[in-house]
J.: 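One structure is given below, represented as structure tokens, and several questions about it will come after.
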There are 2 protein chains.
Amino acid sequence: MLLSTKGRYGLKASLELAFFYGKGPLNLKSISEKYNIPESYLEQLLSKLKKSGYIDTIRGKQGGYLLAKEPKDITVGMILRALEGEITSSDCLKNDKCGEENTCVTRIIFEDIEKSINNIIDNTTLEDMIHKRKQIYKEAH
Amino acid sequence: MLLSTKGRYGLKASLELAFFYGKGPLNLKSISEKYNIPESYLEQLLSKLKKSGYIDTIRGKQGGYLLAKEPKDITVGMILRALEGEITSSDCLKNDKCGEENTCVTRIIFEDIEKSINNIIDNTTLEDMIHKRKQIYKEAH
DNA sequence: TCTAATCTTGACAAAATTAGTAGGGTATTA
DNA sequence: TAATACCCTACTAATTTTGTCAAGATTAGA
Ligand code: FES
Ligand code: FES
């Protein structure tokens with residue numbers, strides 16, 4: 001499996017923040033309840049996203065989390081990498097554990113897979129996803 | 001990470017068998033030594049591939065493993081799925097743990113990723129990889 | 001000022017998965 | 001018939017995932 005719940009939870013939360021961009025902070029509980037994500041776990045994820053610079057926080061009453069940049073300037077890849085680390089098809093690509101180095105054929109296909117994954121996640125912004133959500137709602141109603 | 005060592009080891013071994021297709025069986029030790037894969041571990045993987053019908057075995061002296069079909073009839077996807085189970089970007093796609101079901105936007109991107117992965121692994125056969133290996137050797141020498 | 005709401009931090013723990021190890025059993029053939 | 005090689009199951013170690021918990025810091029608003 002490419003992504004764990006970290007990426008899934010974190011991306012959903014980011015998307016929620018993107019949806020509220022410009023409308024004030026969202027607190028942890030509201031997000032964790034809406035998407036049924038354990039509060040303390042989500043907290044850790046949002047903390048990572050903050051350290052990576054994608055999220056800002058406001059402490060104290062009425063505080064919460066908000067996107068640090070415009071939705072169009074945050075890609076899905078940024079969020080996923082902040083949470084899951086490098087997104088890779090096989091870790092031999094990063095740590096060359098293979099031994100065959102330059103003549104490994106298996107490597108070629110792993111690279112192909114990885115390129116196509118990166119191509120998707122690096123070319124989809126949170127704004128793109130908001131647009132898609134709007135389309136979905138239109139179709140549903 | 002999309003693939004564990006299971007898929008990596010197993011794909012390498014399968015490729016080795018594909019390379020020797022029609023030239024008699026290869027024994028476990030020769031493969032495990034060549035690619036530096038723990039013997040007993042590889043044994044388990046090859047056993048799975050046998051149960052899935054991609055590999056035949058010959059017991060006893062002079063025995064070993066051989067591909068059960070022509071390299072052109074075995075895809076990378078078949079091997080990987082036999083070893084790793086369903087290849088997926090996020091398991092919410094299989095077990096709909098999400099709760100939003102039909103209106104989940106996050107799901108869309110996971111589906112895109114998965115399609116592009118499947119597109120690659122289902123359209124690459126072991127024979128394709130053998131051709132690539134030959135090209136690589138030509139370039140290297 | 002007091003207090004409740006909120007994020008902050010770091011340690012801890014349970015569960016699941018991965019990556020092996022080990023060893024006895026079975027079939028084949030030189 | 002002995003050596004070779006696959007077969008099978010159980011066990012273990014290591015790692016990662018998926019949380020839980022508690023004490024603290026900050027702030028808005030009564
Ligand atoms: S580099 Fe990944 S298997 Fe060779
Ligand atoms: S279906 Fe996967 S996050 Fe909604």
Side-chain angles (χ1 to χ4, degrees), chain A residues 1-13 17 24-33 35-52 54-68 80 83-88 90-92 94-95 97, chain B residues 1-13 17 24-33 35-52 54-68 80 83-88 90-92 94-95 97:
Chain A
M1 191 147 41
L2 185 68
L3 302 168
S4 69
T5 58
K6 278 183 227 161
R8 201 162 82 230
Y9 290 166
L11 187 55
K12 286 204 132 184
L17 295 181
L26 282 181
N27 68 33
L28 183 63
K29 202 173 183 184
S30 72
I31 305 176
S32 86
E33 280 179 350
Y35 294 111
N36 206 28
I37 302 170
E39 209 172 315
S40 299
Y41 195 35
L42 180 58
E43 201 171 7
Q44 292 174 44
L45 304 179
L46 294 182
S47 161
K48 273 194 184 182
L49 292 177
K50 181 183 182 182
K51 277 176 190 150
S52 302
Y54 305 125
I55 279 184
D56 279 339
T57 54
I58 299 176
R59 293 170 79 155
K61 219 168 178 176
Q62 312 286 333
Y65 298 87
L66 20 75
L67 229 51
L80 294 181
L83 296 168
E84 308 245 8
E86 190 95 50
I87 304 297
T88 184
S90 165
D91 75 345
C92 64
K94 312 297 168 187
N95 312 328
K97 285 180 182 167
Chain B
M1 190 146 44
L2 185 69
L3 302 167
S4 69
T5 59
K6 279 183 224 159
R8 202 162 82 230
Y9 290 166
L11 186 55
K12 286 205 130 185
L17 295 181
L26 282 180
N27 69 31
L28 183 63
K29 202 173 184 186
S30 72
I31 305 175
S32 86
E33 281 180 349
Y35 294 111
N36 205 29
I37 303 170
E39 211 173 312
S40 301
Y41 195 36
L42 181 58
E43 196 173 9
Q44 293 173 46
L45 304 179
L46 294 182
S47 161
K48 273 195 182 179
L49 292 177
K50 181 183 182 179
K51 275 177 191 149
S52 301
Y54 305 125
I55 279 183
D56 279 340
T57 55
I58 299 177
R59 293 171 81 155
K61 223 168 176 177
Q62 311 287 335
Y65 298 87
L66 21 76
L67 230 51
L80 294 181
L83 296 168
E84 308 246 9
E86 191 95 51
I87 304 298
T88 184
S90 166
D91 74 346
C92 63
K94 311 299 167 182
N95 313 326
K97 289 179 179 167

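Every chain is numbered from 1, with letters handed out A, B, ... down the list of sequences.
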J.: Considering just the side-chain nitrogens and oxygens of A/K61, establish if one lies under 4.0 Å of OP1 or OP2 belonging to C/dT3.
T.: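 So the side-chain polar atoms of A/K61 never come under 4.0 Å of the phosphate oxygens OP1 or OP2 of C/dT3.
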J.: Establish whether the base of C/dT9 is bridged to the side chain of A/Q44 by a donor-acceptor pair shorter than 3.5 Å.
T.: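 For A/Q44, whose side chain was compared with the base of C/dT9, there is no donor-acceptor pair (under 3.5 Å).
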J.: Please round to the nearest 0.5 Å and tell me the distance separating atom CD of B/E84 and atom CD1 of B/I87.
T.: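 If I round to the nearest 0.5 Å, the distance is 5.0 Å.
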J.: Would you mind reading off the distance between B/I58 atom CD1 and C/dA30 atom P, rounded to a whole angstrom?
T.: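 B/I58 atom CD1 is separated from C/dA30 atom P by 12 Å.
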J.: Tell me: CG of A/N27 to C1' of D/dT27, nearest whole Å?
T.: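 Spelled out: CG on A/N27 to C1' on D/dT27 is 14 Å.
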J.: May I ask you to verify whether the side chain of B/R59 and the base of C/dT26 hold a donor-acceptor pair under 3.5 Å?
T.: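 Result: at least one qualifying N/O pair found.
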J.: Would you kindly compare A/M1 and A/Y65 by the position of their nearest DNA chain C nucleotide and give the one closer to the 5′ end?
T.: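 In this pair, the answer is A/Y65.
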J.: Rounded to the nearest 0.5 Å, how far does CG of A/L45 lie from OG of A/S32?
T.: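 So the gap between those two atoms works out to 11.5 Å.
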J.: What's the CG-P distance between B/L45 and D/dC6, to the nearest Å?
T.: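 Checked: the CG to P distance equals 14 Å.
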J.: Rounded to the nearest Å, what distance is computed from the CD1 atom of residue A/I31 to the P atom of nucleotide C/dT6?
T.: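 So the CD1-P distance, A/I31 to C/dT6, works out to 12 Å.
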J.: If you look at every strand shown and take non-hydrogen atoms under 4.0 Å, does B/S40 touch a base, only sugar-phosphate, or nothing?
T.: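 Counting heavy atoms under 4.0 Å across all strands, the contact made by B/S40 includes a base.
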J.: Closer to the 5' end of DNA chain C via nearest nucleotide, is it B/E84 or A/L26?
T.: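 It is A/L26 whose nearest nucleotide is closer to the 5' end.
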J.: Hey, does B/Y54 have a side-chain heavy atom less than 4.5 Å from the side chain of B/L17?
T.: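 With C-beta onward as the side chain, the pair stays apart.
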J.: Using a heavy-atom cut-off of under 4.0 Å over every strand shown, decide if A/I55 touches base, sugar-phosphate, or nothing.
T.: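 The answer is nothing, as A/I55 stays clear of every strand by at least 4.0 Å.
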J.: Nearest whole Å is fine: how far is C/dC7 C1' from A/E39 CD?
T.: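 For the pair A/E39 CD and C/dC7 C1', the rounded distance is 11 Å.
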J.: Whole angstroms only, please: what is the NZ-C1' distance between A/K50 and D/dT26?
T.: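 Rounding to the nearest Å, NZ of A/K50 and C1' of D/dT26 are 11 Å apart.
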J.: Between the base of D/dC7 and the side chain of B/E43, is there a donor and acceptor pair under 3.5 angstrom?
T.: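 Side chain to base: pair present.
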J.: Once you round it to whole Å, what is the distance between C1' of D/dA5 and CG of B/L46?
T.: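 Atom CG in B/L46 sits about 13 Å away from atom C1' in D/dA5.
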J.: Whole Å only: how far is the NZ atom of A/K29 from the P atom of C/dA5?
T.: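 Value for this atom pair: 9 Å.
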J.: Testing the basics here: between A/M1 and B/S90, what is the closest heavy-atom pair and its distance to 0.1 Å?
T.: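 Between these two residues, the closest heavy atoms are SD-C, 3.8 Å.
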